[in-house]
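Since we're looking at a predicted model, the values are computed, not measured. Numbers here simply count residues along the sequence, with the first being 1.
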Amino acid sequence: MRYFFHIAYQGQYYSGWQRQPEVKSVQEVLENTLYKILKIPTTIFGCGRTDAQVHASQYFFHADIEKEFDFDLLYRLNKALPVTIAIYDIIKMEGKPHARFDAVHREYDYFIHTYKDPFLSNQSSLYLYPNLDFQKMSEAAKLLLKYKDFRAFCTHPDKNEHTICNVTAAGIFVNAKGDRIRFNISSNRFLGKMIRILIGKLLKIGNGELSIDEFEYHLITLELPKILRPAHPIGLYLSKVNYPYLNLPPRTDFLTPSQSADWILI
């Protein structure tokens, strides 16, 4: 039987989702935990690859489990997993749906704070920019809806079959004090480090180091900028994944935009 697992994880202690030699990944921890409980090797397939230290407040993976289990697998997994990984739901699926290839919508949030706060250091990215121009940042973010090819905002564009992304939402939100910022973006797919590169450019615009016209130039011409400097990974969350047959609300509420009345769309 194929099962979908609805999970969330804090990414700061992992070298990303994907299993890699000699480093700890979220996939490796989950596969090892499933093996301990089920007593058989179980390969899992995630809905996407998050970078090292990137969080996921909603994530799905699927696994094929040959023998039906007669115990509470959800309980046992959560008991055995570290506190940085939580399993919310285990869903038996009909047929062979794929957690990665069937996803039709992915949403990310990137959180920034502009003052030092030890309680935000692992959940939000610190940039000591007290006078960011939020209006210009918002203007630039809205341009992302006009274009489809994001070749200029990818670390290795030629490694992709194509660089087309259907961005359906992109916005800058600010709290009432103006010292915390949230960038939200939705698309059917994203390129390698695309969101962090875009954040880096938006911060330069807000700080007066880059004009909106210069930013749009690369969207129009697809010419790679001379410097591609991604924003810090801490602060980036994969926050929503939808399927044609599955659309669950995120379970975690820490930093969740919809839970906070403080965020103001610019």
Does [atom1] in [X] sit with more than 12 non-hydrogen atoms of other residues, nucleotides or ligands closer than 6.0 Å?
X      : atom1 : result
Tyr115 : OH    : yes
Arg49  : CZ    : no
Lys116 : NZ    : no
Ile227 : CD1   : no

Just wondering, do [Y] and [X] contact through their side chains at under 4.5 Å, heavy atoms?
X      : Y      : value
Ile181 : Phe173 : no
Pro250 : Lys240 : yes
Ile197 : Thr155 : yes
Tyr245 : Pro97  : yes
Met194 : Cys165 : yes
Val104 : Pro244 : yes
Ile205 : Asp133 : no
Tyr243 : Phe60  : yes

Electrostatic pair [X]-[Y], nearest N-O below 4.0 angstrom:
X      : Y      : result
Glu31  : Lys36  : no
Lys201 : Glu214 : no
Asp102 : Lys96  : no

Could you grab the distance from atom [atom1] of [X] to atom [atom2] of [Y], nearest 0.5 Å is fine?
X      : Y      : atom1 : atom2 : value
Ile195 : Phe153 : CD1   : CZ    : 13.5 Å
Lys92  : Met1   : NZ    : CE    : 5.0 Å
Ile7   : Thr252 : CD1   : OG1   : 12.5 Å
Leu126 : Thr114 : CG    : OG1   : 8.0 Å
Arg196 : Asp51  : CZ    : CG    : 5.0 Å
Leu198 : Leu143 : CG    : CG    : 11.0 Å

Could you see if [X] belongs to whatever hydrophobic cluster contains [Y]? Use Ile, Leu, Val, Met, Phe, Trp, Tyr and a side-chain cutoff under 4.5 Å.
X      : Y      : result
Tyr13  : Val23  : no
Phe215 : Tyr129 : yes
Leu191 : Val241 : yes
Ile65  : Ile90  : yes
Phe111 : Leu132 : no

Least distance between heavy atoms, [X] atom then [Y] atom:
X      : Y      : result
Arg189 : Ile164 : NH1-O, 2.8 Å
Leu30  : Ile44  : CB-CD1, 3.7 Å
Arg100 : Arg106 : O-NH2, 3.0 Å
Ala169 : Leu145 : N-CD2, 3.5 Å
Leu202 : Met137 : O-CG, 3.3 Å
Val54  : Tyr9   : O-CE1, 3.7 Å

For this session: Dump the intermediate steps for side-chain contact (heavy atoms from CB on, under 4.5 Å) on Tyr110 and Ser125, then the final yes or no.
Result: CA-CA 8 Å; Tyr110 190 92; Ser125 192; 3.1 Å; yes
[X] and [Y]: side-chain donor and acceptor closer than 3.5 Å?
X      : Y      : result
Thr42  : Tyr35  : no
Gln123 : His55  : no
Asn242 : His105 : no
Tyr14  : Thr84  : yes
Asp109 : Asn184 : yes
Asn166 : Ser187 : no

Exercise. Does the ring centre of His232 sit less than 6.0 Å away from the ring centre of Tyr127?
Worked result: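 Yes, the ring of Tyr127 comes within the 6.0 Å limit of the ring of His232, centre to centre.
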Exercise. Can the ring centroids of Phe190 and Tyr108 be said to lie less than 6.0 angstrom from one another?
Worked result: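 Aromatic pair counts; centres sit under 6.0 Å.
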Exercise. Is there a side-chain hydrogen bond (donor to acceptor under 3.5 Å, both in side chains) between Asn207 and Glu209 once you walk through the steps?
Worked result: CA-CA 6 Å; Asn207 213 22; Glu209 300 173 53; 2.9 Å; yes
Look only at the side chain of [X] and the backbone of [Y], and say whether a donor-acceptor pair between them is shorter than 3.5 Å.
X      : Y      : result
Ser124 : Leu120 : no
Gln58  : Leu248 : yes
Ser138 : Ile266 : yes
Asn160 : His156 : yes
Gln27  : Arg19  : yes
Ser239 : Glu107 : yes

For this session: Evaluate side-chain hydrogen bond (donor to acceptor under 3.5 Å, both in side chains) for Asn122 paired with Gln10, printing each intermediate quantity in order.
Result: CA-CA 9 Å; Asn122 285 329; Gln10 288 188 39; 5.9 Å; no
Exercise. Only one of Leu203, Ile172, Leu236 forms a side chain to side chain contact (heavy atoms under 4.5 Å, CB included) with Phe183, so which one is it?
Worked result: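 The residue from Leu203, Ile172, Leu236 that satisfies side chain to side chain contact (heavy atoms under 4.5 Å, CB included) with Phe183 turns out to be Ile172.
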For this session: Could you give me the CA-CA distance, side-chain angles and deciding distance for His6 and Ile87, then say whether side-chain contact (heavy atoms from CB on, under 4.5 Å) is met?
Result: CA-CA 6 Å; His6 177 206; Ile87 311 289; over 6 Å; no
For this session: Take Asp149 and Thr163 through the side-chain hydrogen bond (donor to acceptor under 3.5 Å, both in side chains) test and state the conclusion after the steps.
Result: CA-CA 6 Å; Asp149 198 329; Thr163 51; 2.5 Å; yes
Exercise. Do we get Arg76 above Phe71's six-membered ring, with its NZ or CZ under 6.0 Å from the centre and within 45° of the axis?
Worked result: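 Flagged: Arg76 positioned over aromatic ring of Phe71.
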Exercise. In this structure, which one of Trp17, Phe4, Phe45 forms a ring pair (Phe, Tyr, Trp, His ring centres under 6.0 Å) with Tyr59?
Worked result: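 It is Trp17; the other options fail the test.
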Exercise. Under the salt bridge (charged side-chain N to carboxylate O under 4.0 Å, His left out) criterion, do Arg151 and Asp158 qualify, and how do the steps go?
Worked result: CA-CA 9 Å; Arg151 177 181 175 80; Asp158 293 328; 2.9 Å; yes
Exercise. Parallel under 30°, tilted from 30 to 60°, perpendicular over 60°: which one fits the rings of Phe69 and Tyr3?
Worked result: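 Ring orientation, 0 to 90° scale: tilted.
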